[in-house]
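Step one of this worksheet: look at the structure below.
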There are 2 protein chains.
Amino acid sequence: MTQLSLAREGIITEAMRKVAEDEGLSPEEIRDKVSAGRVVIPLNVKRKFSPKGIGEGLSTKVNANIGTSGHHADLNEEMDKLHIAVASGADSVMDLSTGGDLSQIRKAIIDECQVMIGTVPIYGLAAQLDCEDREIVSMEVDELFDHIEQHCEDGVDFITVHCGVTQEAMSKLKKTGRIGGIVSRGGSLLAAWMKHNQRENPLYEQFDRLLEITFKYDVTLSLGDGLRPGAIADATDPAQLEELTTLGELFRRARNFGVQTMIEGPGHVPLRQVEANVLLAKTLCDGAPLYVLGPLTTDVAPGYDHITGAIGGAIAAAAGADFLCYVTPAEHLRLPTVRDVREGVIATRIAAHTGDLAKGVKGAMDWDNRMSAHRKKLDWEGMYSEAIDPHLARSMRKESENYDEIVCTMCGKLCSIKLTNEYL
Amino acid sequence: MTQLSLAREGIITEAMRKVAEDEGLSPEEIRDKVSAGRVVIPLNVKRKFSPKGIGEGLSTKVNANIGTSGHHADLNEEMDKLHIAVASGADSVMDLSTGGDLSQIRKAIIDECQVMIGTVPIYGLAAQLDCEDREIVSMEVDELFDHIEQHCEDGVDFITVHCGVTQEAMSKLKKTGRIGGIVSRGGSLLAAWMKHNQRENPLYEQFDRLLEITFKYDVTLSLGDGLRPGAIADATDPAQLEELTTLGELFRRARNFGVQTMIEGPGHVPLRQVEANVLLAKTLCDGAPLYVLGPLTTDVAPGYDHITGAIGGAIAAAAGADFLCYVTPAEHLRLPTVRDVREGVIATRIAAHTGDLAKGVKGAMDWDNRMSAHRKKLDWEGMYSEAIDPHLARSMRKESENYDEIVCTMCGKLCSIKLTNEYL
């Protein structure tokens with residue numbers, strides 16, 4: 001039984017109760033939203049941790065991608081990334097490893113991790129084929145499903161599957177053309193396979209097989225956007241919309257089957273189109289939880305894409321996106337370092353909280369009010385304790401002269417707060 | 001004669017011609033917008049540099065605040081900040097020094113600087129009073145106007161003057177209350193003086209005197225928002241709106257007088273109110289150029305306020321703000337370092353460009369398209385050359401293994417672009 005199938009029987013699970021408590025909502029409300037497919041609680045039946053809910057009316061959650069690549073595979077470093085991601089406030093971690101002993105890495109991360117874990121099973125399969133000197137186009141359909149089942153069996157809480165990259169969507173892509181083409185790894189792997197083998201996407205064709213596997217473990221499906229725009233100019237094009245329409249159909253099939261499901265969204269999207277993209281996804285997919293990557297509001301800022309992602313993520317969250325995948329400063333340049341992971345998580349949490357203030361999420365505003373009250377009193381310890389990154393706030397101030405004075409070195413004696421408190 | 005008074009006589013100046021060329025618009029268009037007060041070209045008659053326009057229909061400009069404080073005053077460091085700000089793409093620099101030999105620092109910056117320069121004259125006066133062991137409330141009105149004239153005589157291109165902090169606005173502030181109170185230095189200095197001396201704001205009462213001084217040098221007025229909200233909870237309150245209404249009146253008086261004028265905007269503003277704040281300013285102030293500080297979309301992120309500012313700035317620019325004052329990671333903690341200046345300028349340029357894409361500024365989209373075309377070809381030198389910070393993009397990639405390979409260490413052989421180019 002899954003959280004969804006239990007909710008549909010009217011049952012309130014322990015996980016639903018925990019989510020309700022976290023969010024300050026009633027357990028009945030959570031159950032009803034899970035039952036409608038508007039909230040998911042990714043929690044593999046094999047795992048034990050304090051679960052979180054993702055979806056309508058809940059605070060916006062943040063995911064951090066970690067994992068090795070063929071060019072850089074160091075388990076210890078990935079464990080460091082895991083720890084810093086969680087310590088910095090990530091609500092979930094995706095292991096996207098494609099280098100080293102993938103099974104060992106995945107198991108080590110699952111053993112250690114106290115937040116939900118996602119993977120993209122086709123990555124591991126592609127890496128394995130490469131090790132065996134086989135081309136990706138030689139992939140057997142059974143290998144893909146076996147790989148997916150293995151991830152579920154290992155205890156992963158959600159998996160990204162690019163079921164919407166259909167022949168129809170590919171033909172729309174070809175007709176319209178794009179500057180950036182396909183920029184999703186999973187999407188490009190499947191598209192290459194589909195073109196070479198002249199076959200339909202097996203994840204679409206055999207979607208029920210996917211549902212059977214994931215139902216068994218209550219693994220949440222994250223329906224990937226394999227055709228997301230990877231350039232501002234490509235946003236909201238026919239291929240993207242065709243895929244999204246398919247994801248809506250598959251969402252309804254999954255919901256009927258009792259499998260928890262989220263929808264993934266773009267990508268590179270100019271500011272004026274971000275809200276419309278959220279509304280499209282929510283409308284075409286019956287209010288399913290929406291998981292966005294960024295979106296990045298410009299293509300020109302490699303090295304600063306945690307900022308372009310925070311801009312787009314804040315607007316997306318305000319418009320109703322429920323789950324933000326972080327983007328790190330390393331995006332478009334290299335595998336992120338431990339430091340990049342921290343910067344990515346914090347930038348994305350800023351976006352999520354900005355969105356929560358806009359959505360009126362319960363309690364969101366209280367945090368800002370506590371901070372501002374400390375600021376008005378020039379209570380530095382209070383400010384550090386409420387800062388999104390207390391350690392950084394404290395250490396930055398301590399770098400400056402006379403840090404223990406009541407004011408800071410920005411304005412010194414001309415501090416507006418000091419003046420106001422003294423004279424007004 | 002000022003750019004504005006010349007424009008009203010139908011004259012197209014060399015400066016207008018230069019701005020037209022930069023923006024890809026006709027000189028007549030620029031002249032008409034300057035004449036209507038919708039575009040300013042800050043350029044003190046005593047200065048020679050390649051001027052820029054700020055206002056409706058033009059690309060969004062970025063300002064970097066530099067300057068010493070009583071706690072940290074090192075001229076060499078400020079010159080380094082000036083150089084890095086301009087090298088990073090700042091369109092203007094404000095010298096907000098309040099520590100050391102202020103006159104020497106200002107002149108050194110003006111001598112060296114090849115972009116427009118702004119100051120807040122009351123800061124220097126307050127610092128001087130402090131040196132003389134006089135309280136700010138002992139300030140003589142003539143001292144303030146003398147100080148303003150000195151800045152104009154020194155060659156400053158625009159000055160921030162908090163003319164809208166009136167007794168009426170103060171009484172509205174008192175009636176409503178605020179978590180953060182007054183957070184503008186200039187605003188709090190004037191408010192303290194007004195309360196102690198039971199007098200009206202001299203910059204409001206003797207506004208014509210200000211116009212006479214600034215007209216002579218064609219110094220652009222930046223009508224400061226002394227009552228801007230410094231906490232999310234305080235945004236868009238009666239005091240802020242009263243001040244903004246006054247700024248609108250003063251803008252019209254300045255325009256009639258022939259003095260170029262901009263309006264300054266908030267502050268700390270939740271995402272859902274940013275666009276409304278821009279529309280209010282543009283409506284109450286007849287489409288005057290709008291210069292915003294951030295806005296910061298949450299109070300909780302000291303150490304990362306370049307990011308909260310980039311979120312708010314992007315949305316503000318998209319809604320019509322013309323000039324973004326940067327916010328650095330040091331905001332709320334200490335005086336910015338040289339490194340902070342660079343991060344602040346780049347983050348704010350990202351916001352400005354995101355806004356330009358949304359506003360449809362001529363040529364803005366071409367930049368993204370060039371970058372994405374390089375990305376699609378995996379042309380790394382092309383990507384570096386188009387990056388908003390080419391040095392950082394190159395050095396980040398070079399930190400990773402095998403950096404000279406065609407792909408990057410993020411995906412390695414599973415690069416979606418490589419796969420797409422090979423198979424599709």
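Reminder, nothing fancy here: chain letters follow the sequence lines and each chain counts from 1.
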query: Taking A:Pro302 as the fixed residue, which of B:Arg394, B:Glu386, B:Arg375 is the one that meets the side-chain contact (heavy atoms from CB on, under 4.5 Å) rule?
result: B:Arg375
message: For a quick test of reading the model, state the closest non-hydrogen atom pair linking A:Leu414 to B:Ala127 and the distance between them.
response: CD1-N, 4.2 Å
field: Side-chain heavy atoms of A:Met410 within contact of B:Glu331, under 4.5 Å
entry: yes
query: Would a 4.5 Å heavy-atom cut-off, applied to side chains only, mark A:Met383 and B:His332 as touching?
result: no
message: Can you give me the closest heavy-atom contact between A:Ile311 and B:Ala351, atom names plus distance?
response: CD1-CA, 4.3 Å
- prompt: Pick from A:Thr68, A:Thr98, A:Ile417, A:Asp389: which one has the most heavy-atom pairs with chain B under 4.5 Å?
  reply: A:Asp389
- request: Could you tell me which portion of B:Asp130 (side chain, backbone, both or neither) has an atom closer than 4.5 angstrom to a non-hydrogen atom of chain A?
  value: side chain
field: chain A contact via B:Pro390 - side chain, backbone, both or neither, heavy atoms under 4.5 Å
entry: neither
task: Give a yes or no answer on whether the side chain of A:Arg272 reaches the backbone of B:Ala318 with a donor-acceptor pair at less than 3.5 Å.
output: yes
field: Smallest separation among heavy atoms of A:Leu392 and B:Gly303, with atom names
entry: CD2-O, 3.7 Å
query: Just how far is it from atom NE2 of A:His353 to atom CD1 of B:Ile232, taken to the nearest 0.5 Å?
result: 7.5 Å
- prompt: Tell me, side chain or backbone of B:Ile346 under 4.5 Å from chain A's heavy atoms, or both, or neither?
  reply: side chain
- prompt: If you measure from OH on B:Tyr423 to NZ on A:Lys195, what distance do you get to the nearest 0.5 Å?
  reply: 12.0 Å
task: With a 4.5 Å cut-off on heavy-atom pairs, point out which of B:Ala393, B:Gly412, B:Ala347 contacts chain A the most.
output: B:Ala393
message: Does any part of the side chain of B:Asp340, heavy atoms only, come nearer than 4.5 Å to the side chain of A:Met396, both counted from C-beta?
response: yes
query: Under a 4.5 Å heavy-atom cutoff, which of A:Cys415, A:Gly70, A:Ala310 has the most pairs with chain B?
result: A:Ala310
message: Given 3.5 Å as the limit, does a donor-acceptor pair link the side chain of A:Asp368 with the main chain of B:Thr298, or not?
response: no
- request: Would you name the heavy atoms of B:Ser372 and A:Gly230 that are closest together and state the gap between them?
  value: OG-O, 4.4 Å
field: Side chain proximity check, A:Arg349 to B:Tyr304, heavy atoms < 4.5 angstrom
entry: no
message: side chain to side chain contact (heavy atoms under 4.5 Å, CB included), that's the test. Do B:Leu333 and A:Glu399 meet it? Break it down for me.
response: CA-CA 10 Å; B:Leu333 293 170; A:Glu399 280 164 25; over 6 Å; no
task: State whether the side chain of B:Thr409 and the backbone N or O of A:Leu335 hold a donor-acceptor pair below 3.5 Å, judged by distance alone.
output: yes
message: Can you tell me which of A:Ala233, A:Gly187, A:Ala231 forms the most heavy-atom pairs within a distance under 4.5 Å of chain B?
response: A:Ala233
query: Taking every heavy-atom pair that is under 4.5 Å apart, which of A:Ile307, A:Thr337, A:Leu96, A:Asn421 has the most such pairs with chain B?
result: A:Ile307
query: Hey, what do you get for CG (A:Leu271) to NZ (B:Lys359), rounding to the nearest 0.5 Å?
result: 11.0 Å
task: Quick one: which of A:Arg178, A:Glu135, A:Arg370 has the most heavy-atom pairs under 4.5 Å with chain B, could you say?
output: A:Glu135
- request: Find out whether A:Thr354 and B:Thr308 are in side-chain contact, i.e. whether some heavy atom of one side chain is under 4.5 Å from a heavy atom of the other.
  value: no
field: Leading residue by heavy atom contact count with chain B [cutoff under 4.5 Å; candidates A:Ser184, A:Ala364, A:Pro270]
entry: A:Ser184
statement: CD1 (A:Ile136) and CD (B:Glu422) are apart, to the nearest 0.5 Å, by 11.5 Å
field: A:Ala373 versus B:Ile179, closest heavy-atom pair with distance
entry: N-CG2, 3.8 Å
- request: Can you see which heavy atom on B:Met371 is nearest to which on A:Asp299, and at what distance?
  value: CG-O, 3.1 Å
- prompt: Does any heavy atom of chain A fall under 4.5 Å from the side chain of B:Trp193, the backbone, both, or neither of them?
  reply: neither
- request: Under 4.5 Å heavy-atom distance to chain B, tell me which part of A:Glu405 shows up: side chain, backbone, both or neither.
  value: side chain
message: Other residues, nucleotides and ligands only: do more than 12 of their heavy atoms fall within 6.0 Å of NZ on A:Lys413?
response: no
- prompt: For B:Ala319, is it the side chain, the backbone, both, or neither that has a heavy atom closer than 4.5 Å to a heavy atom of chain A?
  reply: backbone
message: Do B:Thr297 and A:Leu357 make a side-chain contact, defined as non-hydrogen atoms from C-beta onward lying under 4.5 Å apart?
response: no
